[in-house]
Amino acid sequence: MAYWLMKSEPDVYGIDHLAAEPDGVEHWDGIRNYQVRNMFRDQFRIGDQAFFYHSNTKVPGIVGVMEVVSEAYPDHTAFEPGKYYDPKSDPDNPRWLMVDVRYLRHTRRVITLAELKADPALSDMALVRRGNRLSVMPVTNDQWAHILEMEKRDAE
DNA sequence: GCCAACGTTGGC
DNA sequence: GCCAACGTTGGC
């Protein structure tokens, strides 16, 4: 089983939105980055778990845990008029993929980006490396376990 | 195939 | 709101 971190802006779609979905399930659409698409296609598996990360907000950080509940499949929002429309993608040859995720829980507190950055054990994490803008990224087993331990502590 | 211009992400 | 860092686009 693999671990991931997936970013979303809470004003657009936050952990509370996911928690409120029927069965806590929603598709993770709107990914328009080839690296992420390839991760969805080649590495995401049912049963993987992911941190839900709030970006572009006052206190960015990890706010919840979810699980992957589908294989990658075509992102239909690319076919429809709207924010995510991409004329170069069509149902016969879909360019973009998405996966379904299911809400598991809120973390007991926000594990802030500042904490993650300050922790030497996480210095290799993609999230804290300078300039990294991927909205979906892998988390190693060690990093995952370490962050769950951080969650148990009170914020510094 | 290079690379400048442009658009987006996302922390601050 | 600013702007650094990056990915993508398109002219050549």
Side-chain angles (χ1 to χ4, degrees), chain A residues 2-21 26-44 48-66 68 72-101 103-140 142-144 146-151 153-156:
Chain A
Y3 296 111
W4 306 96
L5 181 144
M6 302 169 78
K7 297 180 182 175
S8 187
E9 301 183 23
D11 293 342
V12 178
Y13 193 87
I15 184 79
D16 292 335
H17 294 98
L18 182 63
E21 301 286 357
E26 182 57 296
H27 44 261
W28 201 269
D29 61 17
I31 294 294
R32 298 292 178 269
N33 173 285
Y34 289 106
Q35 284 186 65
V36 176
R37 182 204 61 184
N38 294 347
M39 278 189 258
F40 279 175
R41 185 188 61 200
D42 302 333
Q43 299 179 47
F44 267 64
D48 288 356
Q49 291 191 14
F51 288 127
F52 196 122
Y53 176 95
H54 279 174
S55 67
N56 231 332
T57 188
K58 192 168 182 181
V59 183
I62 291 167
V63 294
V65 181
M66 52 195 171
V68 177
Y73 62 101
D75 183 345
H76 58 78
T77 64
F79 312 145
E80 302 154 1
K83 183 182 173 193
Y84 294 126
Y85 177 66
D86 182 349
K88 293 170 186 163
S89 187
D90 66 70
D92 292 331
N93 187 20
R95 173 174 296 206
W96 304 114
L97 302 174
M98 59 190 181
V99 297
D100 290 349
V101 294
Y103 171 83
L104 290 181
R105 64 183 183 90
H106 282 64
T107 48
R108 61 176 280 256
R109 61 185 188 83
V110 178
I111 305 158
T112 66
L113 175 62
E115 281 177 75
L116 298 169
K117 276 184 169 173
D119 195 316
L122 301 176
S123 60
D124 288 337
M125 205 180 166
L127 181 73
V128 304
R129 282 208 304 266
R130 189 162 149 273
N132 193 299
R133 296 178 1 181
L134 285 180
S135 61
V136 174
M137 62 188 72
V139 175
T140 68
D142 287 350
Q143 290 163 354
W144 183 271
H146 188 82
I147 292 166
L148 292 181
E149 286 301 314
M150 293 173 76
E151 181 192 4
R153 306 199 294 263
D154 290 328
E156 284 111 53

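The sequence lines fix the lettering, A, B, ..., with proteins before strands; numbering per chain opens at 1.
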note = Taken to the nearest whole Å, OH/Y34(A) to P/dT8(B) is 15 Å

request  = Just do the ring-ring contact (aromatic ring centres under 6.0 Å, His included) check on W96(A) and Y84(A) with the steps written out, would you?
outcome  = CA-CA 10 Å; W96(A) 304 114; Y84(A) 294 126; over 10 Å; no

query = Are any of Y84(A)'s side-chain N or O atoms less than 4.0 Å away from OP1 or OP2 of dT8(B)?
reply = no

task = Specify whether H27(A) and H76(A) have parallel, tilted or perpendicular ring planes, treating 30° as the upper limit for parallel and 60° as the lower limit for perpendicular.
result = perpendicular

Rounded interatomic separation in angstrom, taking CZ from R37(A) and P from dG7(C) = 15 Å

key: Whether Y3(A) and W144(A) hold their rings parallel, tilted or perpendicular, with breakpoints at 30° and 60°   = parallel

task = Could you work out which one of dT8(B), dT8(C), dG10(B) sits closest to the side chain of S135(A)?
result = dG10(B)

inquiry  = Taking the nucleotide of DNA chain C with the nearest heavy atom to each, does N56(A) or K88(A) sit closer to the 5' end?
reply    = N56(A)

query = Rounded to the Å, how far apart are E9(A) CD and dT9(B) P?
reply = 7 Å

task = Using only side-chain N and O atoms of K7(A), determine if any of them is under 4.0 Å from OP1 or OP2 of dT8(B).
result = no

ask   = Please give, in whole Å, the distance from dG7(C) C1' to N38(A) CG?
value = 14 Å

message = Please tell me whether Y103(A) and H106(A) form a close aromatic pair, meaning their ring centres lie under 6.0 Å apart.
response = yes

task = Could you state the atom-to-atom distance from CG of D86(A) to P of dT8(C) in whole Å?
result = 12 Å

remark   = Taken to the nearest whole Å, NZ/K58(A) to C1'/dG1(C) is 16 Å

query = Cut-off 3.5 Å, side chains only: do D142(A) and T140(A) have a donor facing an acceptor?
reply = no

request  = Just call it for K117(A): base, sugar-phosphate, or nothing, with non-hydrogen atoms closer than 4.0 Å on any strand.
outcome  = sugar-phosphate

query = Quick one: L116(A) CG to dC12(B) P, roughly how many Å, whole number?
reply = 11 Å

ask   = So what does L134(A) hit on the nucleic acid, given a heavy-atom distance under 4.0 Å: a base, only sugar-phosphate, or nothing?
value = sugar-phosphate

key: Interatomic distance, E115(A) CD vs dG11(B) P [rounded to whole Å]   = 15 Å

message = Of the listed nucleotides (dG11(B), dG7(C), dC6(C)), which one gets closest to any side-chain atom of N33(A)?
response = dG7(C)

R133(A), nearest nucleotide to its side chain (from dG7(B), dG11(B), dT8(C)) = dG7(B)

query = Is there a side-chain polar atom (N or O) of K83(A) under 4.0 Å from OP1 or OP2 of dT8(B)?
reply = no

